[in-house]
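In what follows, a single structure is set out as C-alpha cells and then discussed.
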Amino acid sequence: MQTLSLSLSLLFFYRSKSPAMGDDYLQLFVDETTLYNRIVLANLLPSKWWDPLPHVLQTWLRNYIAGTLLYLVSGLLWCFYVYYLKRNVYVPKDDIPTRKAMLLQIFVAMKAMPWYVGLPTVSEYMIENGWTKCFARISDIGWFAYLVYLVIYLVLVEFGIYWMHRELHDIKFLYKHLHATHHIYNKQNTLSPFA
C-alpha cells in the first residue's frame, strides 16, 4: 500500500460506507497498520509489553518509537558529518553548539514527541474506521487523480503548519508554555539538528 492512504484521509473527512469502502476494504488498512506495528514493535520490544494493548495504542507506540529513532539517528548522522567529518567547512569551530545545548534540545523535543505522534495515530484510526474517503491502491483512482490529491494534500499541510506555527507565536499563553523553549536554541552558536 502506498502513502496515498494517509494523504487522502485528511482531504476527505467524512464517513463513507459506499460499496468501495465496505468492511472488507477497510480491513486492508487495518492489516497494513498491523503489519507496520509488528515490524517495529516485535523487533524492539518484548511482545508481552505491546501485544495486549489495543490496536490504536500499538499504533501510537509504533509511531513514538519510530519517530524518536528517526529524530535521534538523523540528528546524530548530521552532527557526525557536519561537526566531525566536515568541521570548519560548513560551520566555524566557534559556532558549534555545546554538548549541553544539544542535550537540552533533545530533552525539549522528547517532551513534545508524544504529542507529535498523535496526529498520524489519529489519522490512521480515522482511515481504519471509515471516517475518511481513502484508497488502498493507486489503481482504485488512477495516477492523475492520485497526483492531484497529493498536490492538494501537500499544499493544505504546509498551509496548516504555517498557521499553526504562527499561532504559537501570536497566542501568548501557547508561546510561553509550548513554543518559547524551541526559540532558546535558534541562535547561531546553539542551532543544531536537534533544535
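Hydrogens, waters and symmetry mates play no part in the numbers below; they use all other heavy atoms, side chains included.
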Practice item. Go through Ile141 and Tyr149 one step at a time and tell me if the side-chain contact (heavy atoms from CB on, under 4.5 Å) criterion holds. Key: CA-CA 10 Å; Ile141 60 166; Tyr149 289 147; 3.8 Å; yes
Practice item. Classify the ring geometry between Phe80 and Tyr84 as parallel (under 30°), tilted (30 to 60°) or perpendicular (over 60°). Key: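 The rings of Phe80 and Tyr84 lie parallel, inter-plane angle below 30°.
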Check your understanding: Between Tyr83 and Trp78, how do the two ring planes meet: parallel, tilted or perpendicular, split at 30° and 60°?
Key -> perpendicular
Review point. Yes or no on side-chain contact (heavy atoms from CB on, under 4.5 Å) for Ile171 and Lys176, after CA distance, side-chain angles and deciding distance?
Key: CA-CA 9 Å; Ile171 301 171; Lys176 179 180 178 184; over 6 Å; no
Check your understanding: Would you find more than 12 non-hydrogen atoms of other residues, nucleotides or ligands less than 6.0 Å from Asp24 atom CG?
Key -> no
Nearest-0.5 Å distance, [atom1] of residue [X] to [atom2] of residue [Y]:
{"X": "Glu32", "Y": "Gln27", "atom1": "CD", "atom2": "CD", "value": "12.0 Å"}
{"X": "Ile65", "Y": "Met113", "atom1": "CD1", "atom2": "CE", "value": "11.5 Å"}
{"X": "Lys111", "Y": "Ile106", "atom1": "NZ", "atom2": "CD1", "value": "14.0 Å"}
{"X": "Leu147", "Y": "Ile138", "atom1": "CG", "atom2": "CD1", "value": "8.0 Å"}
{"X": "Phe135", "Y": "Tyr25", "atom1": "CZ", "atom2": "OH", "value": "6.5 Å"}
{"X": "Asn63", "Y": "Tyr36", "atom1": "CG", "atom2": "OH", "value": "11.5 Å"}

Could you see if [X] belongs to whatever hydrophobic cluster contains [Y]? Use Ile, Leu, Val, Met, Phe, Trp, Tyr and a side-chain cutoff under 4.5 Å.
{"X": "Tyr64", "Y": "Leu44", "value": "yes"}
{"X": "Met102", "Y": "Leu76", "value": "yes"}
{"X": "Leu69", "Y": "Leu61", "value": "yes"}
{"X": "Val148", "Y": "Leu156", "value": "yes"}
{"X": "Leu35", "Y": "Leu41", "value": "no"}

Exercise: identify the closest heavy-atom pair between [X] and [Y]:
{"X": "Glu167", "Y": "Leu174", "value": "O-CD1, 4.4 Å"}
{"X": "Leu28", "Y": "Ala136", "value": "CD1-CB, 3.9 Å"}
{"X": "Leu26", "Y": "Asn129", "value": "CD1-C, 4.1 Å"}
{"X": "Trp50", "Y": "Leu45", "value": "NE1-O, 3.5 Å"}
{"X": "Val56", "Y": "Thr121", "value": "O-CG2, 3.7 Å"}
{"X": "Pro52", "Y": "Ser47", "value": "CD-O, 3.7 Å"}

Point to revise | Tyr71 and Met110: CA distance, side-chain angles, deciding distance, side-chain contact (heavy atoms from CB on, under 4.5 Å) verdict | key: CA-CA 10 Å; Tyr71 168 77; Met110 290 299 99; 3.5 Å; yes
Practice item. State, without any angle test, whether Glu158 and Tyr162 hold a side-chain donor-acceptor pair at a distance under 3.5 Å. Key: no
**Study point:** Under 3.5 Å donor-acceptor, Gln58 side chain and Leu53 backbone
**Key:**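 The answer is yes, because a donor-acceptor pair under 3.5 Å joins these two groups.
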Practice item. Test Lys172 against Tyr175 for side-chain contact (heavy atoms from CB on, under 4.5 Å), laying out the working first. Key: CA-CA 5 Å; Lys172 300 300 181 215; Tyr175 184 82; 5.6 Å; no
